[in-house]
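The figures that follow rest on heavy atoms only: side chains count, while hydrogens, waters and symmetry mates do not. Each ligand, and each atom within it, is numbered from 1 in the order the structure gives. Start at 1 with the first residue, then count along the sequence.
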Amino acid sequence: MALALQTFSTLKDANAALQSAGTRYLGGGTLVVRAANEGDVSVTGLVRSTEPSLSTIDVSDGKARIGASVTMAAVARHAELGFLAGAARAVGGPAVRNMATVGGNLFAPTPYGDFAVALLALDATVTTEDGETPIDAFLAHRDVSRAIVTSVGFSVPQDGFRFLKVSRVKPKGVSVLSIAALVERAADGTIASARIALGCMADRPMRAKAAEMALVGANLTKEGIAPALAVATESTSPATDPIASAWYRNEVLPVHLGRLLLS
Ligand SMILES: Cc1cc2nc3c(=O)[nH]c(=O)nc-3n(C[C@H](O)[C@H](O)[C@H](O)COP(=O)(O)OP(=O)(O)OC[C@H]3O[C@@H](n4cnc5c(N)ncnc54)[C@H](O)[C@@H]3O)c2cc1C
């Protein structure tokens, strides 16, 4: 079946066109075009917008805003987003990264969504024509979202941000799991706050809330983080797929989380 692609210069017109049944927004197309090519007949039309702000990155006054059409390759090479380069480079190989967008990654189903995991740890907000939504809420309701994501925004961490992707095929294999953590320390060195996001441990990126709570007040040592690792798999529901079983993902999560926290 032929796919109609409509291009609009304004977001308003693109959002209006997106309301037609079967119409999907076209980011880099690495998932939605593949789905259509593979016979997903629920996709009958594609909409894109050339609004310039979709493709810009702005970092100023400790805040970052990344347009939804910005690619992983552009994030990886941005001088002021060095702390996110690892997460951007975790997405596919070079050809995929040149097309894969930040907006599309928010919708990528498990085992994809590695960059969204990083954004979840950063407590990002997701902007659509309806305003800004905390990323936790956005991810929870993404299946019913019919609005174009225009950008993501977050505070740039001074330090304490860590990201890890575990895969079997290096360097561009699909995730066994991915972890992003933002750990802030108090003056005495103990952990003041922690946000830990997990990829492949549910059908979409999730927070490891029990582990986050167990880390507060703890020392960032093997002994100090042990209680957090003991509850790391609380509320997880990983998939079993050709990459790994749910059992395996739960078994190795505490090991990798421990290594990441102590890195
Ligand atoms: C070979 C291969 C390897 C891959 N490896 C990885 C990997 O290692 N890690 C990983 O995370 N992903 C991986 N992916 C998946 C994918 O490339 C990325 O998740 C990518 O970021 C998706 O973005 P996209 O722009 O291509 O999305 P698209 O295919 O354009 O869109 C995906 C979905 O998101 C919606 N969408 C896109 N942008 C917007 C927007 N601005 N507003 C509203 N809706 C939007 C689309 O309508 C569609 O439903 C891989 C894909 C391939 C083909």
J.: Are more than 12 heavy atoms from other residues, nucleotides or ligands located less than 6.0 Å from atom CD of Gln158?
T.: no

J.: Short list, please: which atoms of ligand 1 are under 4.0 Å from a heavy atom of Ala147?
T.: 43 (C)

J.: Please work out whether any backbone atom (N, CA, C, O) or any side-chain heavy atom from C-beta onward of Tyr112 is under 4.0 Å from ligand 1, and answer side chain, backbone, both or neither.
T.: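 Near ligand 1, Tyr112 shows its backbone as well as its side chain.
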
J.: For ligand 1, find out whether one of its N or O atoms is nearer than 3.5 Å to an N or O atom of Thr101.
T.: yes

J.: I'd like to know if Ser69 contacts ligand 1, where contact means a heavy-atom distance under 4.0 Å to any ligand atom.
T.: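 Contact absent.
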
J.: Taking the side chain as C-beta and beyond, is there a heavy-atom pair between Arg259 and Leu164 under 4.5 Å?
T.: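 In short, these two side chains do not touch, never coming nearer than 4.5 Å.
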
J.: Determine the minimum heavy-atom distance between Thr110 and Ala202, stating which atoms define it.
T.: OG1-O, 2.7 Å

J.: Does an N or O from Val96, backbone or side chain, lie closer than 3.5 Å to an N or O of ligand 1?
T.: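 So ligand 1 has no N or O lying under 3.5 Å from an N or O of Val96.
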
J.: Give the numbers and elements of all ligand 1 atoms closer than 4.0 Å to a heavy atom of Gly113.
T.: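 By the 4.0 Å cutoff, the relevant atoms are 10 (C), 11 (O).
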
J.: What protein heavy atom is closest to atom 23 (O) of ligand 1, reported as residue, atom name and distance in Å?
T.: Gly104 CA, 3.3 Å

J.: Specify the protein heavy atom at minimum distance from atom 8 (O) of ligand 1: its residue, its atom name, and the distance to 0.1 Å.
T.: Lys165 NZ, 2.8 Å

J.: Does Val174 reach ligand 1 with a nitrogen or oxygen that is under 3.5 Å from one of the ligand's nitrogen or oxygen atoms?
T.: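 Min N/O separation from ligand 1 is not below 3.5 Å for Val174.
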
J.: Considering only protein heavy atoms, which is closest to atom 45 (C) of ligand 1, and at what distance to one decimal place?
T.: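 Here the closest protein heavy atom is Phe107 CE1, 3.5 Å.
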
J.: Can you pull out the closest protein heavy atom to atom 53 (C) of ligand 1? Residue, atom name and distance to 0.1 Å, please.
T.: Arg34 NH1, 3.6 Å

J.: Side chain, backbone, both or neither: which part of Ser145 comes within less than 4.0 Å of ligand 1 when only heavy atoms are counted?
T.: neither

J.: Compute the shortest N/O to N/O distance between Gly29 and ligand 1 and return yes if it is under 3.5 Å, no if not.
T.: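 Among all N and O atoms of Gly29, at least one is under 3.5 Å from an N or O of ligand 1.
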
J.: Heavy atoms, side chains only, cut-off 4.5 Å: are Val216 and Glu212 in contact?
T.: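 Result no, sub-4.5 Å side-chain heavy-atom pair not found.
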
J.: Quick check: does Asn105 get an N/O under 3.5 Å from an N/O on ligand 1?
T.: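 The answer is yes, given that Asn105 and ligand 1 share an N or O pair closer than 3.5 Å.
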
J.: Heavy-atom distance under 4.5 Å between the side chains of Leu11 and Leu54, does that happen here?
T.: yes

J.: Donor-acceptor pair, Thr221 side chain versus Gly224 backbone, under 3.5 Å?
T.: yes

J.: Can you check whether Val174 reaches Tyr112 side chain to side chain, under 4.5 Å on heavy atoms?
T.: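 Contact flag for Val174/Tyr112 side chains = yes.
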
J.: Got a sec: does the CG of Asp188 have more than 12 other heavy atoms crowding it under 6.0 Å?
T.: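 Yes - once you tally the heavy atoms of other residues, nucleotides and ligands closer than 6.0 Å, there are more than 12.
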
J.: Which one of Asp203, Asp143, Leu31 satisfies the side-chain contact (heavy atoms from CB on, under 4.5 Å) criterion with Pro109?
T.: Leu31

J.: Counting each atom of ligand 1 from 1 as listed, which ones have a heavy atom of Ala68 under 4.0 Å away?
T.: 41 (N)

J.: Are Val152 and Leu122 side-chain neighbours, meaning at least one heavy-atom pair lies under 4.5 Å?
T.: no

J.: Pull out every atom of ligand 1 sitting under 4.0 Å from any heavy atom of Ala108, numbered as shown with elements.
T.: 19 (O)

J.: List the closest protein heavy-atom neighbour of atom 39 (C) of ligand 1: residue, atom name, distance to the nearest 0.1 Å.
T.: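 I find the closest protein heavy atom is Tyr25 CD2, 3.4 Å.
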
J.: Among all protein heavy atoms in this structure, tell me which lies nearest to atom 9 (N) of ligand 1, with the distance rounded to 0.1 Å.
T.: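 Sorting protein heavy atoms by distance from atom 9 (N) of ligand 1 puts Asp114 OD2, 2.7 Å first.
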
J.: Does the N or O separation between Leu26 and ligand 1 drop below 3.5 Å for any pair?
T.: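 By distance alone, the answer is no.
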
J.: Taking Thr56 for the side chain and Gly67 for the main chain, is one N or O donor matched with an acceptor at less than 3.5 Å?
T.: no

J.: Is it true that the side chains of Thr127 and Arg65 contain a donor and an acceptor less than 3.5 Å apart?
T.: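 There is such a pair (donor and acceptor under 3.5 Å, judged by atom type) between the side chains of Thr127 and Arg65.
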
J.: What protein heavy atom lies closest to atom 16 (C) of ligand 1? Include the residue and the distance to one decimal.
T.: Thr30 OG1, 3.2 Å

J.: Heavy-atom distances under 4.0 Å are what count here, so tell me which part of Ala90 touches ligand 1: side chain, backbone, both or neither.
T.: backbone

J.: Looking only at protein heavy atoms, which one is nearest to atom 32 (C) of ligand 1, and how far off is it?
T.: Leu31 CB, 4.0 Å

J.: Do Arg195 and Asp136 sit within salt-bridge range, that is, some charged N less than 4.0 Å from a carboxylate O?
T.: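 Looking at Arg195 and Asp136, the cut-off is met.
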
J.: Just jot down the ligand 1 atoms closer than 4.0 angstrom to any heavy atom of Gly28, in number order.
T.: 24 (P), 25 (O), 26 (O), 30 (O)

J.: Please indicate whether any nitrogen or oxygen in Val149 is less than 3.5 Å from any nitrogen or oxygen in ligand 1.
T.: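 N/O-N/O distance under 3.5 Å: yes.
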
J.: Which atoms from ligand 1 have a heavy atom of Gly92 less than 4.0 Å away?
T.: 5 (N), 6 (C), 7 (C), 8 (O)

J.: In terms of hydrophobic clusters joined by side-chain contacts under 4.5 Å, are Val43 and Phe107 together?
T.: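 Each belongs to a different hydrophobic cluster.
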
J.: May I ask you to test the Leu229-Leu257 pair for a side-chain heavy-atom distance under 4.5 Å?
T.: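 SC-SC contact between Leu229 and Leu257 confirmed.
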
J.: Check this for me - ligand 1, Val32, N or O atoms closer than 3.5 angstrom, yes or no?
T.: yes

J.: Any donor-acceptor pair under 3.5 Å linking the side chain of Asn15 with the backbone of Ile148?
T.: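 Yes.
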
J.: Suppose I only count heavy atoms of Gly103 and a 4.0 Å limit; which atoms of ligand 1 are within that range?
T.: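 What qualifies from ligand 1 is 38 (N).
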
